[in-house]
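All chains are named by letter (A, B, ...) in the order of the sequence lines, taking the proteins before the strands, and each is independently numbered beginning at 1. Not measured: the values here are computed from a predicted model.
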Amino acid sequence: MKIESVRGMNDLLPEASAKWHRVESAARRTFAAFGYREVRTPIIESTELFVRSVGETTDIVEKETYTFTDRNGKSLTLRPEGTAGIVRAYIESNRHTVEPVSKWFYVGPMYRHERPQKGRYREFFQIGAEAFGSDDPWIDAEQLALVAEILAAVKTPGVELRLNSLGCATCRPLYRATLTRFLDGVADRLCGDCQRRSATNPLRTLDCKNPGCIEATASAPTTIEVLCDACRIHFAGVQAGLADSGVSFVLEPRIVRGLDYYTHTTFEFVATLGDVGAQNTVCGGGRYDGLVAALGGPAVPGVGFAFGIERLVSLIADDDADKQTPLIFFATMGDAAARFAHRALATLRRTSIAAECDYGTKSLKAQLRRAGALGAIFVAIVGDTEVGRNVVQLKNMASGEQTEVDVSSGLDALRARLTDTAHL
RNA sequence: GUGGGUAUAGCUCAGUUGGUUAGAGCACUGGAUUGUGGCUCCAGUUGUCGGGGGUUCGAAACCCCUUACCCACCCCA
């Protein structure tokens, strides 16, 4: 029986990992510029953490978590999203007594037992950030600027920021009631799903894809119209901050987000170009001012976002070729030459120069072919003659030109050639 | 959980109304060049035609079951 990877969980092979690395390093660079520091929390948490943070009746917790009991009978869950664990760590470390504002980021896998499709996997990786300790709208705007910066750094055209405010504990219930009243009025025009949603989660009807529902809800009241004064001021502050940061956005009153803890600002970065399939949200997030307290911590506001790395990577153009590390390849003939090459490899690699040779006995032609395939800049050709005279034939693979290099007093000449070429 | 599609070489795929020995390109290996890559040419290796059952003289092809993957819905990064 052939053993295969678990459904919805993918291997990242060397050809694909370069793009991931590009995304991660762009993100790390940008986080550093914005003062965000990395935290790493466990992939497994107590089930209760997600029940209380994400929401007991959300689909994520109801039917998408990988939950199991350990050998002591305790219920554990593979994290379906990043925020809950970070908040837990923030509370557990009493971080609010250490610094007034904490700006953290994380990178890692998340797990949801959903049916896989394009851009959606059971194991998926997120890059996310959370800022605790301030409800200043500038911190929201700054985070959005951070995301825009990362997107620009990895060159993903056609990604649009869609912004909304869900209101606070005061105006959100008010909005919900207003919307429910409106939906009751058009109930006969809604699809079956939406009639159900009207009762359970009325906000969801607003992003139904059914044309009839889109039409029926076109004139539905928006959260923005119903915001209380405090929320209105906060939301205006976020937009002013975006203007100061030079980040463009569109107001999208239909963004509701699936997690219970969101308040005030919510946003999505949506891909409008490229073959992304139905899952076109590259990054989503928002403010969650009540979450830290709800999980037993101090009454500290927070705001955060998460990228789906797979989705972001799928937007990066293939022709953005990876830079080749300068490589010198040793092609040898005979045992003495092989030993000679092994010593040279050890010396060069000690100074972080990429150096390779072939394995096993291959013809010179085969070794050169291999060197070409690996993208070697130089090939050092070594046979018995060269070993005897302490020289190598150094072949420039781009020009084909070949010169004899004396190595009796060390490999500095080789090293110099290679680093010279690297700057061309 | 629901619906649709697909499954043939390592990869991408062709394979006629069911017909005898299942193909191409790429990749890989070797050669043309006693110790010189890319381009070209020549040769070679690679298959439980996803699995099981059925129809038939004969099945990669038709039927049934099953598994996996893909896409979409629900929901979401």
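Under a cut-off of 6.0 angstrom, the local environment of CZ in A:R343 is crowded, with over 12 non-hydrogen atoms contributed by other residues, nucleotides or ligands. For A:E48, the CD atom sits in a loose shell: 12 or fewer heavy atoms of surrounding residues, nucleotides or ligands are nearer than 6.0 Å. Atom CZ of A:R339 sits in a sparse spot, with 12 or fewer heavy atoms from other residues, nucleotides or ligands closer than 6.0 Å. Other residues, nucleotides and ligands contribute over 12 non-hydrogen atoms within 6.0 Å of the CG atom of A:N10. In this structure, A:R52 places its CZ atom where more than 12 heavy-atom neighbours from other residues, nucleotides or ligands lie under 6.0 Å away.
Residue A:V282 is in sugar-phosphate contact alone, with no base atom involved, counting any heavy-atom pair closer than 4.0 Å across all strands shown. At a threshold of 4.0 angstrom between heavy atoms, the contacts of A:E386 include nucleobase atoms, whether or not backbone atoms are also involved. Nucleic acid contact class of A:Q367 (heavy atoms, under 4.0 Å, all strands): none.
B:U48 and B:G5 have their C1' atoms separated by 25 Å, given to the nearest Å. A distance of about 11 Å separates the C1' atoms of B:U45 and B:G30, rounded to the whole Å. Taking atom C1' on both B:U34 and B:U21, the two are 40 Å apart, rounded to the nearest angstrom. B:A27 and B:C41: their P atoms are spaced 12 Å apart (whole Å). A gap of 8 Å separates the C1' atoms of B:G15 and B:A60, to the nearest Å. Straight-line distance between the P atoms of B:A59 and B:G18: roughly 13 Å, to the nearest whole Å. Atom P of B:G37 sits at a distance of 11 Å from the matching atom of B:U33, rounded to the whole Å. Comparing the P positions of B:C64 and B:U6 gives a spacing of 14 Å, expressed to the nearest Å.
Atom-to-atom, CG of A:L315 to P of B:A77 comes out at 16 Å; the value is rounded to the nearest Å. Distance, A:E64 CD to B:C74 P: 13 Å, rounded to whole Å. For the pair A:D358 CG and B:G37 C1', the computed distance is 12 Å after rounding to whole Å. The CD1 atom of A:I255 sits 16 Å away from the P atom of B:C75 (whole-angstrom rounding). Rounded to an integer number of Å, the gap from A:H113 NE2 to B:G1 C1' is 10 Å. Rounded to an integer number of Å, the gap from CZ of A:R311 to P of B:A77 is 8 Å. One can place CG of A:L374 at 16 Å from P of B:G37, the figure rounded to the nearest angstrom. Atom CG of A:L13 is separated from atom P of B:G10 by 16 Å (rounded to the nearest Å).
For the pair A:I309 and A:M333, nearest-nucleotide mapping onto RNA chain B gives the more 5' position to A:M333.
Counting only Watson-Crick and G-U wobble pairs whose two key distances fall under 3.5 Å, RNA chain B forms stems of three or more stacked pairs at B:1-7 with B:67-73, B:10-13 with B:23-26, B:28-32 with B:40-44, B:50-54 with B:62-66.
For the pair A:T263 and A:L166, the minimum side-chain heavy-atom distance is 4.5 Å or more. Side-chain contact check for A:E386 versus A:E404: every heavy-atom pair is 4.5 Å or farther apart. Residues A:L144 and A:L163 have side chains in contact (heavy-atom distance under 4.5 Å, counting atoms from C-beta outward).
Using a distance-only test at 3.5 Å, with no hydrogens or angles considered, no donor-acceptor pair links the side chain of A:E268 to the main chain of A:V270. Without hydrogens or angle criteria, A:R311 side chain to A:T281 main chain gives a donor-acceptor distance under 3.5 Å. Remark: side-chain polar atoms of A:R287 are not paired, donor with acceptor, to backbone N or O of A:T265 under 3.5 angstrom. A donor-acceptor pair under 3.5 Å is absent between the side-chain atoms of A:K395 and the main chain of A:I381, judged by distance alone. Between the side chain of A:T222 and the main chain of A:P253, no donor-acceptor pair closer than 3.5 Å is present.
Side-chain atoms of A:Q402 come within donor-acceptor range of the base of B:U36, with a qualifying N/O pair under 3.5 Å.
Partners of A:D406 by side-chain hydrogen bond (donor to acceptor under 3.5 Å, both in side chains), not counting sequence neighbours, listed by chain and number: A:S408. Partners of A:C357 according to the side chain to side chain contact (heavy atoms under 4.5 Å, CB included) rule, which considers only residues two or more places apart in sequence or in another chain, are A:F330, A:H342, A:L345.
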Practice item. Scan nucleotides 26-33 of chain B nucleotide by nucleotide, 5' to 3', and note B when protein non-hydrogen atoms come under 4.0 Å of the base, S if they reach only the sugar-phosphate, - if neither. Key: ----S-B-

Review point. Reading nucleotides 65-72 of chain B from the 5' end, what letters show protein touch, with B for base, S for backbone sugar-phosphate only, - for no heavy atom under 4.0 Å?
Key: ----S-SB

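Using modelled atom types and a 3.5 Å distance limit, the side chains of A:D11 and A:S5 yield no donor-acceptor pair.
RNA chain B lies under 4.0 Å from no heavy atom of any residue of residues 34-47 of chain A.
In the set B:C75, B:G37, B:A77, B:A77 carries the atom at the smallest distance from any side-chain atom of A:R112.
Both geometric conditions, a ring-centre gap below 5.5 Å and a plane tilt below 30°, are fulfilled for A:F124 over the base of B:A77.
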